[in-house]
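Here it is, the structure in full.
Just so it is clear: chains get the letters A, B, ... in the order the sequence lines come, proteins before strands, and each one is counted from 1. As the structure is a prediction and not an experimental result, all values here were calculated from the model.
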Amino acid sequence: MAASGFEGFEKRLELHFFGDDPVAGVDDMGLRLLDFESLEQILHAVQCTVVSAVGNQFFDAYVLSE
Amino acid sequence: SSLFVYPNKIIIKTCGTTQLLKSIRPLIHHAANLGLTLSGCRYTRGSFIFPSSQPFPHTSFKEEVIYIEDNLPANLCYRKASVMPSKLPSHSWHVFTASDHQNATRFYTHVPDDLYTVEVCMTELDPVLARKFFQRQGDEKNGDTAGKDMTQISGIDSINPGAIICDFAFDPCGYSMNGIDGDRYSTIHVTPEDGYSYASFECVGSVYEDRDDITKVLKKAVQVFRPATVSVSTTCRREVWGRVARALEPLGLKCRSRVVDEFPAAGSVTFQTFTTRRK
C-alpha cells in the first residue's frame with residue numbers, strides 16, 4: 001500500500017431515485033434535503049468524512065477524506 | 001474521494017480501502033425517508049493496484065456483485081455485471097448496473113440520452129509533475145490552502161476556467177478536487193508516490209456540445225500528469241469514444257485496446273487503454 005495509505009483506483013457508485021410524489025421531491029430538492037447528519041452516517045459506513053464542500057443551485061459536491 | 005448529491009441521483013467515488021458498497025443500504029433508507037425510491041444503480045471500478053489490501057466486500061468483483069445484489073430491492077431485476085478486459089492485464093474495467101423495467105423508463109428520463117460520463121484512470125505519472133502533489137515540509141499550510149496551491153501550480157485550474165473548484169491536499173501527499181460548472185461536475189484525485197502513482201479525472205458532457213469540448217478538456221487534464229498509461233471509460237447512449245482517441249493520440253498516447261459492452265439503463269460503455277508510444 002502507498003505510504004499515504006491510498007489505493008489509487010477508485011470505486012464509483014451512482015444511484016438514481018424517483019419520487020413517490022411526482023409533483024414534489026425529485027424535481028425540487030430531492031436528495032439534497034438529506035441533512036448533514038444523515039450524510040455523515042452514510043459516509044461513516046464507507047469510512048470517509050467530509051473535508052470540504054461546495055454547492056450551487058443544481059447540486060452539492062463534497063471532497064471526502066481518503 | 002468525492003460525493004455529489006443531485007436531487008435525483010447520488011455519486012460517490014472513493015479510493016483507498018474504503019468500503020463504498022456499504023453506503024447502499026443507508027442511502028436507500030435515508031432516501032426512503034424523503035419519499036424517494038431507488039430506480040437505478042451503476043457501480044464501476046478499475047483493477048486495484050493492491051487487491052489483497054481491499055476489505056470485504058471489495059475482496060473480488062464477484063464478492064462485490066453478490067453484495068450489491070443482496071442490498072438492492074428485488075424489483076431492480078434488469079442486472080448485468082461484466083469485466084471488460086484490455087491488452088494490459090492489470091487494467092480491466094468492472095461494471096455492474098441494475099434497473100427495473102418500470103424504473104428504467106424514469107431512469108432514462110433523468111439521464112438524457114445525450115449525456116455521457118468519462119472516467120479516466122492514469123498511472124505512471126511524470127515524476128516531476130507528480131511532485132507538485134506533495135506538501136512542502138515547513139509550509140504550515142492546512143489541507144484547504146495547500147490544495148489551492150496545488151490546483152494552481154499543477155494547472156488544474158485551467159482545465160475548465162469557468163468551474164468553481166473545491167480542493168483539498170492530504171498530508172503528506174495526495175490531492176482531491178471537485179469542479180462545479182452549472183449542473184456539470186468534474187473531479188480529480190491524485191496519489192503521487194513514485195512506483196504506484198495514480199491520478200483520475202472524471203467529467204460529464206453532452207454529445208450536442210462542440211465536439212472539440214471534451215477533446216480539449218481531456219487533453220488538458222492528461223497533460224497535467226503526463227502519464228505513461230491511461231485507461232478511459234465512456235458511458236453514453238451514443239458514440240463518444242472517438243473524441244477520446246482524438247484527444248489522447250496527439251499527446252503521444254497510442255490506443256492499445258478498445259472494448260464495448262451494452263448495459264441496461266446505462267447505455268453503452270466503451271473501455272479504451274492507451275500507452276505512450278515508447279512503451
Under a 4.5 Å cutoff for heavy-atom pairs, which residue among B:P26, B:G46, B:C166 has the most contacts with chain A?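 Top option by heavy-atom pairs under 4.5 Å: B:C166.
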Structural part of B:R25 lying under 4.5 Å from a heavy atom of chain A: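 Looking at B:R25, nothing touches chain A.
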Okay, B:L20 and chain A: the region with an atom under 4.5 Å from a heavy atom over there is both
Is it the case that more than 12 heavy atoms not belonging to B:D194 sit under 6.0 Å from its CG atom? no
No-hydrogen, no-angle side-chain donor-acceptor test under 3.5 Å, B:T151 and B:D157: no
For B:I11 and B:Y185, work out which heavy atoms get closest and say how close. CD1-CE2, 3.6 Å
Sort out for me which of A:V54, A:D35, A:V46 touches chain B most, counting heavy-atom pairs under 4.5 Å. A:V46
At a heavy-atom separation under 4.5 Å, does B:D167 approach chain A through its side chain, its backbone, both, or neither?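 Answer is backbone: N, CA, C or O of B:D167 sit under 4.5 Å from chain A.
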Top contributor to chain B interface from A:K11, A:Q47, A:H44 [non-hydrogen pairs under 4.5 Å]: A:K11
Which residue in the set B:F170, B:Y175, B:F168, B:Y198 passes ring-ring contact (aromatic ring centres under 6.0 Å, His included) when paired with B:F133? B:Y175
Can you tell me which of B:G182, B:S200, B:A199 forms the most heavy-atom pairs within a distance under 4.5 Å of chain A?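 Counting heavy-atom pairs under 4.5 Å, the top option is B:G182.
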If you compare all heavy atoms of B:D181 against all heavy atoms of B:G162, which two are closest, and at what distance to 0.1 Å?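 Distance-wise, the nearest heavy atoms are OD1-O, 4.0 Å.
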Report the relative orientation of the aromatic rings in B:Y6 and A:F59; use parallel for angles under 30°, tilted for 30 to 60°, perpendicular for over 60°. parallel
Check whether B:T117 gets within reach of chain A through its side chain, its backbone, both or neither, counting any heavy atom under 4.5 Å. side chain
Where on B:H58 is there a heavy atom nearer than 4.5 Å to chain A: the side chain, the backbone, both, or neither?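 Contact with chain A is through the side chain of B:H58 alone.
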Can a side-chain donor-acceptor contact be found between B:H189 and B:S176 if the only test is distance below 3.5 angstrom?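 Side-chain D/A pair, B:S176 to B:H189: present.
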Under 4.5 Å heavy-atom distance to chain A, tell me which part of B:D183 shows up: side chain, backbone, both or neither. both
Check whether B:T187 gets within reach of chain A through its side chain, its backbone, both or neither, counting any heavy atom under 4.5 Å. neither
Run the side chain to side chain contact (heavy atoms under 4.5 Å, CB included) check on A:V51 and A:Y62 step by step: do they pass? CA-CA 7 Å; A:V51 297; A:Y62 301 87; over 6 Å; no
